[in-house]
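First the proteins, then the strands, lettered A, B, ... as listed; each starts at 1.
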There are 2 protein chains.
Amino acid sequence: MSVKRKAPTLNDVARQAGVSTATVSRCLNFPDQVTAKTRETVMSAVRKLAYSPNFGARVMAVNRTNTIGAIIPTMENAIFARGLQAFQEELRRHGYTLLVASSSYRADIEEEQIRSMVSRGADGLLLIGHERDPAIYRFLETQDVPALVAWSHDCTKSLPSIGFDNRKSMRALAEKVIEMGHRRMAVISAAMKTNDRASLRVHGIRDAMNSAGLDPAELPIIETTYSIDAGAQAFDQLLAAPVPPTAVICGNDVLAVGAIKQARALGLDVPGDVSVTGFDDIELATIVEPALTTVHVPHRDMGTRSASMLIGLVEKKCIGEAIELEADVRLRGSLAPPRA
Amino acid sequence: MSVKRKAPTLNDVARQAGVSTATVSRCLNFPDQVTAKTRETVMSAVRKLAYSPNFGARVMAVNRTNTIGAIIPTMENAIFARGLQAFQEELRRHGYTLLVASSSYRADIEEEQIRSMVSRGADGLLLIGHERDPAIYRFLETQDVPALVAWSHDCTKSLPSIGFDNRKSMRALAEKVIEMGHRRMAVISAAMKTNDRASLRVHGIRDAMNSAGLDPAELPIIETTYSIDAGAQAFDQLLAAPVPPTAVICGNDVLAVGAIKQARALGLDVPGDVSVTGFDDIELATIVEPALTTVHVPHRDMGTRSASMLIGLVEKKCIGEAIELEADVRLRGSLAPPRA
DNA sequence: TTGTAAGCGTTATCAA
DNA sequence: TTGATAACGCTTACAA
């Protein structure tokens, strides 16, 4: 029987206060356009009725929500947490509210969520990575909702973005690995079809191999989901090869931690028996033993600057550009030269 | 200067398709109330214009959003991540969308976000912990927006809730610690004033001390923020005491990991020189060396059941009750008897 | 099956 | 300073 008791409206407040709805509205939005006396009457009516404005109605009237939507692939691990936190803080400073949705790395869910956010009147959108159906970009275009891509820098794409060059950074890391003397490497990556960060990182590894005279075709790659367990399982599989790798390069820290965990379970010493590297430099990286050699991503900086830029786009105060941040290699205990 | 190009409306679609807005609306919401032919015309117009319904307008018309809001204290660490993921999955299964906001453990921000979510038409709200200004509960009451409290069970509160008894669980853990022979314990907790989970957990420790004939007044407690660094710092401080504790009980796993990290830095052996315990049993707990003795919280179960119950409340298909889940102690390497 | 038109709760323009 | 009133874009009786 769903007896939805109606919440008080502007009208109720107006009646209660003996003024017009216009006055109440002004009182709420531009308090100084109203006499102190009326203001008091109105405010006490507001309190008495516990009035709360209807967002939908306001949006319809002003066509502006002061809301930014962010759609991230996952909340389950910390990959995006710190950056998002900084993003939110900066938005708040500018009077914007952040709404977050997570797509579980699924393109269909992400698309649904993009539409949902737009439909809900998000003034702008933060998206992760460039890879998605072009139709969705056209959609955003038509809806005139600016979107900013983060966590990835790619100057060939037209969308404004702020991130680092996944390929270049991973290449730098792979070069270190090779420099140390490793020749038999293997990779644990996220699915590369749908995740441009993942595929760019693998490309970076191949780049490094090429310029070191190694054959990228011989690089074993396991694609899996981003989870510690998945990383552990993949590691197990790689090490079971007839000629196991001396270094396992992981697509991110979560996978790398899984790899280290599994190494421990197999009684292997890291980095004595096998080196392991990650990507992201999340908190986990320095907690695990040995600490992870990884690529440090400027999470907070990226979050803060994404917020400023997106706000600029929303308020048409700046044009979208592709900004590249530096992501540098952090050498830690998990990487060492292979045993002679 | 801010030339906000208008997004296409139902009207535009109707005109494009040569039908009335009512028909378009029906076509979108009840496709089978419309001839196949009209449906096609309309749909192609929809596609052509890249039409996306205006959520605010729809909400105003039907007074229902199929949206659930969740306000969590933090996204920075994994405490709520897994539970929230399960929560979201269950909501999706029932056709609801989840919107998340994070309050950074600040009551004022949380209140702002509650109002914002309500204002945006959230059909129901998921909140963490019972402790907040009673006014906000009255507000939710007036607005007729059901709220469910999770991560905490307290049958003295009237609000529907689904969680575990923080006090009882922590008491069980503290009893284990005492059983092992520890007499000099210390606590690292989150701020207890504003966080009922934190204060209940400390109460649990005191309960255990009382029934073991120890004086709770002698228990050193450091209150700090939930972060690894904060945990490390607090640990440092505790161990600097003239008579340092043999066991440090932490309010959650994140603090405990910080403690272990700092122990390592101080050259102390865990659990040889000092035992450390956590609470939550997040992934981190089994990654750190030694693995954390902690209280296992049924994250996913809690998330899933919260979703069902909240949907039930929203659809007035069930009444709110306070459900208690079990959170049990997991003994791992970080806890051992004190040195003789 | 389709169209007409009222109403949802705001804001903003214009008069008073 | 205040009050009428017309939008805003959608759903849904009710009529055709």
Checklist entry - Which atom pair, heavy atoms only, marks the closest approach of Val145(B) to Leu125(B)? => result CG1-N, 4.4 Å
Item to check | Interatomic distance, Glu40(B) CD vs dT1(C) P [rounded to whole Å] | outcome: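 Spelled out: CD on Glu40(B) to P on dT1(C) is 16 Å.
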Item to check | Distance in angstrom units between Arg64(B) CZ and dC8(C) C1', rounded | outcome: 16 Å
Item to check | Flag, side chain of Arg64(B) to backbone of Ala61(B), donor-acceptor distance under 3.5 Å | outcome: no
Next on the checklist: I'd like to know if the side chain of Gln113(B) reaches the main chain of Ser102(B), judged simply by a donor and an acceptor atom lying under 3.5 Å from each other, with no hydrogens or angles considered.
Outcome noted: yes
Checklist entry - With a non-hydrogen cut-off below 4.0 angstrom, is Val59(A) in contact with a base, only sugar-phosphate, or nothing? => result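 Val59(A): no heavy atom of the nucleic acid under 4.0 Å.
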Item to check | Thr65(B): partners by side chain to side chain donor-acceptor pair (under 3.5 Å), with sequence neighbours left out | outcome: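 Once residues adjacent in sequence are excluded, the partners of Thr65(B) under the side chain to side chain donor-acceptor pair (under 3.5 Å) criterion are Asp123(B).
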Item to check | Annotated protein contacts, base or backbone, on nucleotides 7-16 of chain D with a non-hydrogen cut-off under 4.0 Å, one of B, S, - each | outcome: -BBBBBB---
Item to check | Lys316(A)/Asp144(A) salt bridge by N-O under 4.0 Å criterion | outcome: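 Salt bridge: yes.
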